[in-house]
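These numbers were taken from a predicted model, which means no experiment stands behind them. Atoms within each ligand, like the ligands themselves, are counted from 1 in listed order. By convention here, the first residue in the shown sequence is residue 1. No hydrogens, no waters, no symmetry mates; every other heavy atom, side chains included, goes into these values.
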Amino acid sequence: MLQGWDIENFLEVKNNRLHVSGVDAVELSEQHGTPLFVYSEPRIRHNIERLKKSAEVIDCPLKLCYAAKAMSTMGILRAIKDARCDIEVNSGGELWKALKVGFTGDQIIFNGTSKEDWELRMAVENEIYAIQVDSLYELSLIEQTAEWVGKKANVSLRLVPEIETGTHSGLQTALLTSKFGMMPDEAFAAFRDLKDSPNLNLCGIHLHIGSQNPEPHAYAEAFKMLFASMRRIYEESGVTLQHINLGGGFPVNYLRDATQKKEFPDEQREMFAADFEPSEAIREAWSKVKNSAEQSGHAHLLENLTLLVEPGRSIVADAGICLTTVRNAKQRPVDNGQRIIDNGQSEDEKLSTFHYPLSTDNWLLTDAGFNILLSMETYKWYYHLISAERASDKHDTEYKLAGPLCDGGDVYFDHEGQNRLPEHRLLPADVQPGEVLALLNCGAYSLAQASQYNGRFLPPVVLVKEGGETELVRRREKFEDLIGSDL
Ligand SMILES: *Cc1c(COP(=O)(O)O)cnc(C)c1O
């Protein structure tokens with residue numbers, strides 16, 4: 001029987017067990033322990049090919065730069081490079097990793113709000129494709145650095161348009177109230193003043209409207225705004241830009257299995273279930289801009305343009321799962337909202353007015369907490385949960401799920417009482433300690449944000465390749481790793 005979460009040739013059930021690109025997930029958990037991240041290289045490739053389809057709907061080259069911050073374990077970066085994708089980095093550390101794994105300078109773009117001298121120097125020395133500049137101050141630093149290094153720096157200015165999307169407020173990045181980018185007027189002035197700088201190649205403009213955007217039209221809006229800026233730059237300074245960067249943020253449908261879909265408030269549901277083809281959003285964006293460019297006699301500006309996109313989530317999120325074991329179980333009364341209020345009654349009076357709940361919740365405590373899935377706590381993110389051992393059994397029994405950390409917030413529901421997540425998860429009946437479960441769509445912003453909080457070892461990562469070969473691309477941490485940097 002097909003499950004809501006099935007994806008042909010990737011996430012399937014055989015002998016009632018979850019398989020990832022043909023490999024038995026339970027066997028992997030036995031070999032490597034849990035928690036364990038499992039990534040599928042064929043799925044990563046599929047996602048990259050899907051994004052590359054955008055090249056077919058525009059009349060200019062497309063440069064696809066994977067946003068490394070979503071997941072930057074070396075084995076995953078290698079898989080992404082092998083799939084012929086370029087890369088976007090957000091720090092000197094990520095730049096170093098990208099170079100080390102074999103990306104060349106012309107494959108790298110560099111974002112960030114607080115770049116340091118050494119990071120800029122490294123970027124200039126390696127002649128990267130573009131440093132995406134966040135302020136006029138930073139632009140002056142880059143100019144000095146480039147002069148000192150003796151190489152011209154390729155720069156692209158990050159603009160901050162007012163584009164609001166329906167994503168989580170913490171994931172909005174294109175608002176004047178956000179911390180990113182510069183005002184368009186500042187950028188125009190920079191092009192006027194610095195176009196002849198011997199140290200700078202002012203080659204592009206950039207914008208990123210935020211992550212998990214539910215609205216495909218936001219890309220058309222973004223591109224229109226960028227093209228209007230490109231036009232103004234051309235008119236005011238005579239510079240024809242070499243590239244426009246539309247950012248990332250293409251959504252992943254976290255509610256593809258819709259069994260619990262109705263338990264979300266409207267806004268959350270719309271965001272988690274967001275689903276559109278990136279190439280359709282880009283097609284719309286391109287055709288709108290092209291039409292208006294032709295009508296206004298500015299089609300020449302599009303002639304030697306390269307369009308950049310820098311998605312992270314849509315490349316790795318659904319390609320990775322997290323296997324976790326139930327380590328503890330308990331029963332707890334259902335919270336019926338009653339509280340013992342001290343009105344000065346006697347103990348007997350208090351007890352006589354307090355009605356114990358008739359029903360209880362089954363609690364399961366796993367080894368995967370917010371130390372490895374931070375968004376679960378900070379953004380109340382939803383990762384669909386199934387039994388890896390009984391994957392095709394009916395998932396119709398309610399459980400309260402929680403992780404191993406000593407924080408009340410380390411739970412798989414909204415402990416702040418705002419009901420942004422379902423109160424219970426559905427699993428087969430009678431789940432006991434020892435059963436291996438799988439959290440789906442965990443490939444992005446998980447291990448990349450993980451910490452050793454509570455003295456927990458960071459988990460290993462297995463990469464499943466085409467044909468079912470597996471490679472351990474990150475080992476489980478050991479005691480020594482917990483103190484490796486302590487002096
Ligand atoms: C995070 C980020 C991205 C990637 O966003 P996704 O939602 O993972 O696609 C792209 N560009 C910038 C500037 C970012 O900060």
What do the steps show when you test Glu125 against Lys151 for salt bridge (Lys or Arg N to Asp or Glu O under 4.0 Å), and what is the final call?
-> CA-CA 7 Å; Glu125 276 167 355; Lys151 283 181 175 169; over 6 Å; no
Under the side-chain contact (heavy atoms from CB on, under 4.5 Å) criterion, do His206 and Asn111 qualify, and how do the steps go?
-> CA-CA 10 Å; His206 166 236; Asn111 260 299; 3.2 Å; yes
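Ion pairing of Glu94 with Lys97 is absent here, as no side-chain N (NZ or NE/NH1/NH2) approaches a carboxylate O to less than 4.0 Å. Salt-bridge formation is not detected for the pair Lys52/Glu56: no Lys NZ or Arg NE/NH1/NH2 atom is positioned less than 4.0 Å from an Asp or Glu carboxylate oxygen.
Of the N or O atoms in Lys69, one or more lie within a sub-3.5 Å distance of an N or O in ligand 1. For ligand 1, the polar-atom distance check against Glu88 finds no nitrogen or oxygen pair separated by under 3.5 Å. The distance criterion of under 3.5 Å between nitrogen or oxygen atoms is not met by Asn90 with respect to ligand 1.
Lys63 has its side chain out of reach of His243: every pair of non-hydrogen atoms, C-beta onward, lies at least 4.5 Å apart.
Taking every non-hydrogen atom of Asn111 and a distance limit under 4.0 Å, the qualifying atoms of ligand 1 come out as 13 (C). Interface atoms of ligand 1 facing Gly249, defined by a heavy-atom separation under 4.0 Å, are 5 (O), 6 (P), 7 (O), 9 (O). Near Ala67, the atoms of ligand 1 lying under 4.0 angstrom from a non-hydrogen atom of the residue are 3 (C), 4 (C). Ligand 1 places these atoms under 4.0 Å from at least one heavy atom of Pro311: 9 (O). Listed by number with element, the atoms of ligand 1 under 4.0 Å from a non-hydrogen atom of Gly312 are 4 (C), 6 (P), 8 (O), 9 (O). Interface atoms of ligand 1 facing Gly248, defined by a heavy-atom separation under 4.0 Å, are 9 (O), 10 (C). Those atoms of ligand 1 with a heavy atom of Tyr445 less than 4.0 angstrom away are 1 (C), 4 (C), 5 (O), 6 (P), 8 (O).
Here Glu471 pairs with Lys465 under the salt bridge (charged side-chain N to carboxylate O under 4.0 Å, His left out) rule; sequence neighbours left out.
Note on ring orientation: taking the six-membered ring where Trp is involved, the planes of Phe227 and Phe223 are perpendicular (angle over 60°, cut-offs 30° and 60°).
When non-hydrogen atoms are compared, ligand 1 lies under 4.0 Å from the side chain of His208 (C-beta onward) but not from its backbone. If you look at Arg158 next to ligand 1, the close heavy atoms, those under 4.0 Å, all belong to the side chain.
Judged by distance alone, the side chains of Glu235 and His298 do bring a donor and an acceptor atom under 3.5 Å apart.
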